[in-house]
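Note sheet for the following structure.
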Amino acid sequence: MKKALKIIGITLLILVAVLLAIPFMFQSQIKDMVKRFINENVNANVEFSDVNLSLLSSFPQAHVSVDDLVITNFEPFKDETFATAKSITFEMSVKELFKKADEGPIVINTINLNEALLTLKTNKFGDVNYDIVKEKEGQNENTSTEEASFTIDVKDYAINNSAFTYLDEESNITFYITELNHSGNGTFSGDISQLDTKSEAKVSLSLEDTEYLSNNIIKLDALIDLDLENSKYSFKENKGYINQLPLEFQGYIKMLDDGQEMDISFENPGSDFKDFLAVIPKEYSKNIENVATTGNFKVKGNIKGVNNDTTIPHLDINISSNNASFKYPDLPKRVENIAINASVKNDDGNIDNTYLNIKTLNFKIDQDVFKSSATIKNITKNMLVNADIDGVLNLANITKAYPVSIDKELSGILKAKLNTAFDMQAIETNAYKRIKNNGSVSITDFIFSSEDIVNPIHISKADVTFHPGIVSLDSFDARTGKSDLNATGNINNLLGFLLSDGKLKGNFNVKSNTFAISDFMVADTEVAAKNKTTSEEESLKIPAFLDCTIQVDAKTVLYDNLTLKNVKGVLRIKDEQADLDNMTSNIFDGDIAISGLVNTKNKTPLFNMNLGIKNFDISQSFTGLELLESLAPISKILQGKLNTTINLSGDLDEEFSPKLSSISGNALAELLTTEISSASAPLLSKLDNALNFIDFSKLDLKDLKTKLDFKDGKVNVEPFDIKYKDIKITVDGSHGFDKSMAYNAVLEVPAKYLGSEINRLIGKINDPAVENITIPVTAIIGGTFMTPSVKTDLKTGITNLTKQLIEIEKQKLLNQGSEQLGNIIGDVLGGTKPKTDSTKTQENNPIKDVLGGIMGGNNNNTNNTPKDSTKTTPTKPTIEEGVKDVLGGIFGGKKKKETVKDTVK
């Protein structure tokens, strides 16, 4: 016995070892077999990471898996992915692994497809990406069924967590199946077989950009008869679900050479109105199990005909309900008197002639009755809509009667009596003549909020009248934030704005008592998202949906920290840009005219403005406007009026204020009446200390004009002149927006302002020409406006002037001495002047008499005795001494010469 057990044990061990070893021994053969099968049957590029064989996991069957399968197309869909799968597993008899090509087909018992993604595509030329199966050589239409058929015994198959996509560019159809889980089992050994399946998935369908299904849950338990000989598949004992609506269906689908023939009918097995709520996606209808309903609801339809490239089956699908109601247990309001009569039809097989006819869609909430009807035709192309609306709706009751999720609570009373007829192409292209609207809509006490606006808009009243081609805004009274609005005008494309991604176009007259610019700006969502982790503020943008012209008349407009009064002008908004045309306003006790633009289309908002300013109060404007303060900060100490024109452009920050470092432009300023308030002006104090002969608080700035240009944060000032009494001052230079200064002031200073020493020299010279002498004094101003520095060349100027005056005095004295000496010498040498002159000389120049006495001369009248002869009695001095005394008297003697030296000093 022990020996037998030992033999059995060894045999089993060898068998297990063999089962483990065989997959490794035949691994390459299996890969070759898979590649051979693919190459023989598929016209595409196929890749997979590995093929594995196991004999133990499914013994006595073989288990084969293909991992990470990727199939990409050839032309005309080159390198596009057709299919992917995480894994495909097969279970089959071991002997099937070793079949040769001429020994018949491989029989597979079980197939599992995991996490697959299949994309079927038809391009605009009609080419398809799924025609990748190779035709067998010699196989044609005449090949017998027996020669081409083979037997597959499938016990189980499953598709797990997979997805399917169909894209038709030619017809603009998109169809998605996601979260697909499908399983089935059956026997395919004969011509008549049976397949039992279970399926669950989410389905989305859109035609011509119109979404008809959106992640609707589809369930199907189907028992299908397979007539493989005639390619006909019949449904038996079938029950499906669309969302939570149960449907039973029967009929068949038969495969044709050029399409499919089908005849399928369906209906909901019950007639409870709760089935209607089940049609609505669960995320919108919520849990309907405890909803109380009354009335009936019926869905019944038939799909019959041929589906191919040119036709679709005839459609006759009807939905009806009468005198129904529902109430959610957690909501206070009931929806009642519900009447629905709608159908989807196609009578001729032409897809373009499919239409939706809503004959009745009525309901009542409290005392508000709402009635509507509509027909929608040409669904797949240029959709045609004709609708009637007549009723009253309290918007606040919507969320009180139905569990719809809305970010902000609705409120307001909507009244409508309207007929509208249009085609979607007219809406999209603004072909107003094809849009037929008649009727009126009014709303009261409505609150509107959106991501496109900063604050909710409280509309107290709005009346709109619809006419063919145009919508009249008869009244619009609203408030938002700090702002109030009263508007009238015309709207060109209201339906385009409401029904598509169109812009709100129109012309409006807007009046306002208070209008805050920031109330109508939208936060840049991209910047906001980035700033969630930073401290930066959100950037504001002009709403992209606006395309309108606004005639503005506002009593008060708030912009940043400014308050503008009596604002009037034209504002044009388009493509996130606002153009201002001759906007006028009163501000800072003066007037301003603005033309230009603000553009927020790019990440950084831009502006370009022309400002005309008259009679601005200088102290108010330069304190309230950072821009003006940066252009001319010295103006903060001025009291008076200003005229200026400013042309500037640059970037705006998050609050729509100019970024000073980015602006460039020029300005021409004119000061009218001004006074200087130097109490808090460090610069004037510095100048007073450096140039103490000027009281800078009394400068005459009236009618001063100057020109500025600015760029890269720097302001350049062209030379301008100002006066203080009889002192002319020329100023030029530049300063930065950082308050740094680099200025030169050249003063033409009269000599009389330069101290007592200079004035004594001027008095001694006693010449009017000398009194008008001026010297240029240059003051170099640097530092900042709060901590200025002032350097002057006043000391050097005074020194040079002193030397100049001393030289003038010397020349004058020398000239005077030379003239008198010449006269004396002429008399001494016996000049020949006439008698009358001689007499004059004697009277006016007693020095000559002295010289005459010294020389012993007498006058021409020898007969007369000279007067006062005693006074002319000589004391016998020498000639040299007499001349010396005279010259000494002329130059002031020794003592006076010393005094002149001191004065010069």
Side-chain angles (χ1 to χ4, degrees), residues 210 212 242-245 267-268 270-281 284-286 288 291-301 316-329 331-345 355-377 379 383-404 406 410-422 436-446 464 466 495 498-499:
T210 301
Y212 295 94
I242 300 177
N243 289 329
Q244 300 177 68
L245 172 66
E267 64 178 315
N268 59 321
S271 60
D272 195 317
F273 185 76
K274 191 176 290 186
D275 288 348
F276 171 76
L277 299 178
V279 177
I280 303 169
Y284 301 113
S285 62
K286 309 302 181 185
I288 65 172
V291 176
T293 63
T294 63
N296 55 40
F297 175 76
K298 198 68 179 176
V299 176
K300 190 174 183 179
D316 186 8
I317 303 171
N318 297 281
I319 302 172
S320 62
S321 180
N322 187 38
N323 196 25
S325 70
F326 69 86
K327 182 182 182 302
Y328 279 79
L331 298 177
K333 300 292 183 181
R334 174 183 293 272
V335 181
E336 53 191 355
N337 292 357
I338 300 171
I340 302 173
N341 188 354
S343 60
V344 179
K345 292 183 179 292
Y355 65 94
L356 171 64
N357 185 9
I358 305 173
K359 295 179 181 179
T360 305
L361 179 57
N362 302 340
F363 61 88
K364 178 182 177 182
I365 304 177
D366 286 344
Q367 301 304 312
D368 299 332
V369 177
F370 195 86
K371 299 180 180 180
S372 63
S373 62
T375 58
I376 303 175
K377 297 181 178 180
I379 294 175
M383 188 164 63
L384 306 175
V385 178
N386 191 320
D388 288 286
I389 299 173
D390 184 4
V392 178
L393 184 60
N394 186 338
L395 300 177
N397 285 338
I398 293 177
T399 55
K400 294 178 181 179
Y402 191 79
V404 60
I406 299 176
L410 289 175
S411 66
I413 305 298
L414 174 67
K415 295 182 180 180
K417 189 174 181 63
L418 175 66
N419 170 261
T420 181
F422 58 88
K436 310 296 183 182
N437 295 315
N438 287 285
S440 62
V441 174
S442 67
I443 192 167
T444 55
D445 299 325
F446 176 66
V464 179
F466 291 82
L495 292 180
L498 296 175
L499 301 180

Do [X] and [Y] have side chains that approach each other closer than 4.5 Å (heavy atoms only, starting at C-beta)?
| X | Y | result |
| --- | --- | --- |
| Ile376 | Leu384 | no |
| Val299 | Leu245 | yes |
| Glu267 | Lys298 | yes |
| Pro403 | Leu331 | yes |
| Asn322 | Phe273 | no |
| Asp272 | Phe297 | no |
| Val291 | Phe326 | yes |
| Leu414 | Phe446 | no |

Where [X] and [Y] come nearest, the two heavy atoms and their spacing:
| X | Y | answer |
| --- | --- | --- |
| Lys327 | Lys333 | CG-O, 3.8 Å |
| Leu395 | Ser411 | CD1-O, 3.8 Å |
| Ser325 | Glu336 | CB-CA, 3.7 Å |

Output the distance between atom [atom1] ([X]) and atom [atom2] ([Y]), rounded to the nearest 0.5 Å.
| X | Y | atom1 | atom2 | result |
| --- | --- | --- | --- | --- |
| Ser373 | Lys359 | OG | NZ | 11.5 Å |
| Ser440 | Leu418 | OG | CG | 8.0 Å |
| Met383 | Phe422 | CE | CZ | 7.0 Å |
| Phe276 | Ser320 | CZ | OG | 11.5 Å |
| Asn357 | Thr375 | CG | OG1 | 6.5 Å |
| Lys436 | Asn386 | NZ | CG | 12.0 Å |

* Heavy atoms from other residues, nucleotides or ligands near NZ of Lys417 exceed 12 (cutoff 6.0 Å) -> no

* Lys415 NZ: over 12 foreign heavy atoms closer than 6.0 Å ->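 No, not enclosed.
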
* **From CA spacing to verdict: side-chain contact (heavy atoms from CB on, under 4.5 Å), Thr360, Ile340** => CA-CA 5 Å; Thr360 305; Ile340 302 173; over 6 Å; no

* Asked: Backbone N or O of Asn394 within a donor-acceptor pair of the Asp368 side chain at under 3.5 Å?
  -> yes

* **N/O donor-acceptor pair under 3.5 Å between Asn323 side chain and Ile338 backbone** =>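 No; judged by distance alone, with no hydrogens or angles, the pair does not exist.
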
* Would you kindly say whether Asn438 and Asn419 are connected by a side-chain donor-acceptor distance under 3.5 Å? => no

* When Leu393 is tested against each of Ile398, Ile413, Val369 for side chain to side chain contact (heavy atoms under 4.5 Å, CB included), which residue passes? ->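 Checked Ile398, Ile413, Val369 against Leu393; only one passes side chain to side chain contact (heavy atoms under 4.5 Å, CB included): Ile398.
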
* **Working for side-chain contact (heavy atoms from CB on, under 4.5 Å), residues Val335 and Lys364** => CA-CA 6 Å; Val335 181; Lys364 178 182 177 182; over 6 Å; no

* Are Phe370 and Asn362 close enough, and set up right, to give a side-chain contact (heavy atoms from CB on, under 4.5 Å), and what steps lead you there? -> CA-CA 6 Å; Phe370 195 86; Asn362 302 340; over 6 Å; no

* Salt bridge Asp316-Lys345, side-chain N to carboxylate O under 4.0 Å -> yes

